[in-house]
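Report on the structure given below.
By convention in this document, chain letters (A, B, ...) are assigned in the order of the sequence lines, proteins followed by strands, and residues within each chain are numbered from 1.
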Amino acid sequence: MASLPKIYDPQEIEGKWYQFWQNNGFFHAEATSDKPPYAIVIPPPNITGSLHIGHALDNTLQDCLIRWKRMQGYNVLWMPGTDHAGIMTELIMERRLADEGTSRIALGREKFVEQMWEWKEETSDYIVSQLQKLGCSCDWDRERFTFDEGFVTAVKTAFLHLYNQGLIYRDTYMVNWCPNCNTVLSNLEIEPIEIDGNFYHIRYPVIDSDVMLEIATTRPETMLGDTAVAVHPDDERYQHLIGKKVLLPLCDRKIPIIADDYVDTEFGTGALKVTPAHDVNDYEIGLRHDLEQRTVFTQDGHINENAPKKYVNLSRWDCRKMVVEDLKKEGFLVKIVPHRHAVGHHDRCNTVVEPAISPQWFMNVRPLAERAIEATKKGEITFIPERETTRFFHWMENIEPWPISRQRWWGHRLPIWYCNACDAVTVAMDTPQQCECGATDFHQDEDVLDTWFSSGLWPFSTMGWPEETDELKTFYPTSVLVTGWDILFFWVARMIMLGLGCMDEVPFRKVYLHGLVADEKGQKMSKSKGNSIDPLETIATYGTDAFRFALANTSTPIPYVPLLESQIEAGKRFTNKIWNAARFILMNLEKFPVPAENAEMTEGQELLEIQWIQSRLSHTIKTATDAIENFRFYEMAQTLYAFLWHEFCDWYLEFAKQRLSKNEPKALWVAADVLEQMMRLLHPIMPFLTEEIWQQLPHGGNNSLANDNASVTVAPWPEPIGENPTAEATMTNIMEVIENIRSIRGELNVPIGASVEVHIQSPNAEDRKRLETYLEQYLPAFTRVSNITIAESLPKPSASAEAVIGDLAIYIPLAGVIDFEAEKVRLTKRHDQTVKDVAAAQKTLENPNFIERAPEKVVAQKRELLERLLVEQEKLARSLTMLSS
RNA sequence: GGGCGGGUAGCUCAGGUGGCUAGAGCGACAGCCUUACAAGCUGUAGGUCACAGGUUCAAGUCCUGUCCCGCCUACCA
């Protein structure tokens, strides 16, 4: 034991324990159990490669909850798995294929999907290994994938179920189209990005008149598809033109001037070109006025044959240039005004999205959204932090139909079959046998489902739905969902709606939405920005536990949590501190083994420092438990850190050393007990280090230390035994004396090796008795003292430094050492501060309303404070006068 | 346009329902290799709690307004 290395080596320790936990089946959840259930489904990472910093945070927090509840004796299920992640994964694969000189199209659908599966096998193994490196205690026996066989069944079942309820339908509507990915997208997948564009002012000549109607547009190329010009019905400038026609420049088509309320007379020129096939608003106007929908773009963003010949096959952007050029040439271009505006981009491939008219499958989510709102209002789901509830409601209340079909290959095929003879639609689990028309030939819809459709089934599909499994009975609804707020709409909202739609019950009781990891400038960390911290590198450098501690410790309830390298370093120092505290205790336990009999252990527990540390531990247990209960991971981390470092190590172990030097081991045994409990408290945050130390500490058998479990992973969560205010108050007083002596020594530069005499004057007999009892025992552990004198009244020795604590005065004779000027500066500083504090307290107490209205307790406290401050002030003033004379 | 979050020490952040003399980590300064830990120990400095009003006996905390920063959301061509 004494051979424990001085420096904690995480690589060595962390390697061995995960396997141990796995082999013992500690992470396995029982489908049926007497224990109360606690379940979390993991937000399945995309199979697109390695875990990023956001996963590290998300999964650390989940593992904290899971490990904590497991120790509390719950039947804990942490459901793991991965997501096939539709378009995103396809795009990455396409890039790989491009590097290999081939393409998705060249491979063809079947080959392409085959390759995707091969890749999935690689990446999901890698992701699992990374989660394990992070210490995640998932139930790996139950690992799932959003595209595995069970999911195929679940997705089809869900689709059918919702279709039969009339919630899924096909419609031709204006949708967001990505010309790069050749697919429809939902609103959520569109990221509006502000760009510097232009307002192009164009003249449209009015037919049978010499008037030119000036319109303004940011997208001149769409004029090729214009089928009207609109003005506001009440706009006096254009009244006389309504009903006339303009000749569309470059196209030589005649299009009508119509009146529509949508037009804003204040904006632009007050005249709006209408392109029903390529703009959402224009589409609406077109429907109201029965305008032609003239599509001029191909699916991949080029110009089609509906446009004048010279533009056909040009890209959107080349076409814009040429149109502007031609308008200028022909005198239709009035001016170009710079204009900054938001343009929708596909969030996955960053292509400018094109509004387009397209037949798609939609889901009418409104009824489910209403149920979700109602369920939340009834308290069936709670969002943490609370502010997220408002965001959730706002989104749900304004929800629009969800386009669920995607013109892609990697995903769940729509369970829709078309009759080859009559085109009739059949929705079914498998290919139908016969159509109503009698035909027997069918083809399945080519489209796949939006990847979030299957992710939305995650909480129940992973538990075996549509089968009525024990897992569902035991664990659904799950306890908590932990994820970043950025996917509240994408995923959380969909899970709630689909949970209600398929299970008739919300999927989880609580949703904890944590912040996103950011850098020191508050910028979200991302690979593309290059400001990201790589979890695996970090683990290699600092160790998993240090990393996890930093993550928990910085996880405050703000939207962007900055993670600084220095905080991970602090985590590492903390692991080392724990390690060394354990080393000290273990080394000494070799000399003083924990006795077999409880009696021997408990004997001597009247020692003040033992009462004190046990009281503080009790307080720590209470605070830490309350913190994690309420998802305040940072508070839990900080509480445990402060207790372990600044109370247990800084003070208690020093007391214990003092006792050991006199061959009194009880304080050491208590230290071992406190450390053992601390290892349990810290285990959710730092699983590896705590297991290593816990295994070496006495924790079973006949002694009084804790329990006899095989692993801290399944050891019981500590319970507070109650606090001891008297012991704490006494100890605080002793500490103040010690700190004041140390402060004098430090500020007056008394060499560390030099012993000093300490004279303490205290008018209170009880205080004197306490000080006599304890100072003799404790002082030597903290500072070198040659002699302690305690009396009711003492003359202040000449050439001495002084400290004042209430009615207590400490004198340290420093003849020949003392720098009177330094002492004067020191006392003046304290005196001035005291004067200020006295003034503040007096001001409060002189207010009659305060005495009258404030609670008695507050008034009494204030009086006590003032009394103490006045005494201190007086003493300091007197000493200063003496020093000056 | 609507909404949300933030502005507290040099830096990054804590300060649940108003009430101890406003805290931590990191950094800074000074002194220590005190046999668990120099990845450590001891001491010190550093804050008009963005600004202006208001409510209250009492405001970092509650209300109103203003100014910055960030984000979400919306169909202004």
Mind checking if [X] touches a base, just sugar-phosphate, or nothing, with heavy atoms under 4.0 Å?
| X | answer |
| --- | --- |
| A:Pro848 | nothing |
| A:Gln861 | nothing |
| A:Ile215 | nothing |
| A:His646 | sugar-phosphate |
| A:Asp282 | nothing |
| A:Lys572 | base |
| A:Phe574 | nothing |
| A:Leu564 | sugar-phosphate |

Side-chain donor-acceptor pair present, [X], [Y], cut-off under 3.5 Å:
| X | Y | value |
| --- | --- | --- |
| A:Ser743 | A:Glu747 | yes |
| A:Asn740 | A:Glu736 | no |
| A:His232 | A:Asp260 | no |
| A:Glu214 | A:His201 | yes |

Distance, [atom1] atom - from [M] to [N], rounded to whole angstrom:
| N | M | atom1 | result |
| --- | --- | --- | --- |
| B:C13 | B:C32 | C1' | 31 Å |
| B:U61 | B:A14 | C1' | 13 Å |
| B:C76 | B:G6 | C1' | 30 Å |

Interatomic distance, A:Trp645 CH2 vs B:G23 P [rounded to whole Å]: 21 Å
Between P of B:U42 and CE of A:Met735, the distance in whole Å: 12 Å
Pairs flagged by side-chain hydrogen bond (donor to acceptor under 3.5 Å, both in side chains) wherever residues 563-582 of chain A is involved - sequence neighbours left out: A:Tyr542-A:Glu565, A:Asn580-A:Arg583
Set of side-chain contact (heavy atoms from CB on, under 4.5 Å) partners for A:Val825, sequence neighbours left out: none
Under-3.5 Å N/O pairs linking protein and nucleotides 43-45 of chain B:
| residue | atom | partner | partner atom | Å |
| --- | --- | --- | --- | --- |
| B:U44 | OP1 | A:Ser743 | OG | 3.3 |

Under 4.0 Å protein heavy-atom contacts per nucleotide of nucleotides 69-77 of chain B, with B for base, S for backbone only and - for none: --SSS-BBB
Reading 5' to 3' through nucleotides 27-35 of chain B, protein heavy-atom contacts under 4.0 Å coded B for base, S for sugar-phosphate only, - for none: ---------
Bracket notation of RNA chain B in which parentheses pair within the strand, [ ] cross earlier pairs, and | pairs with another strand (Watson-Crick or G-U, under 3.5 Å): (((((((..((((.....[...)))).(((((.......))))).....(((((..]....))))))))))))....
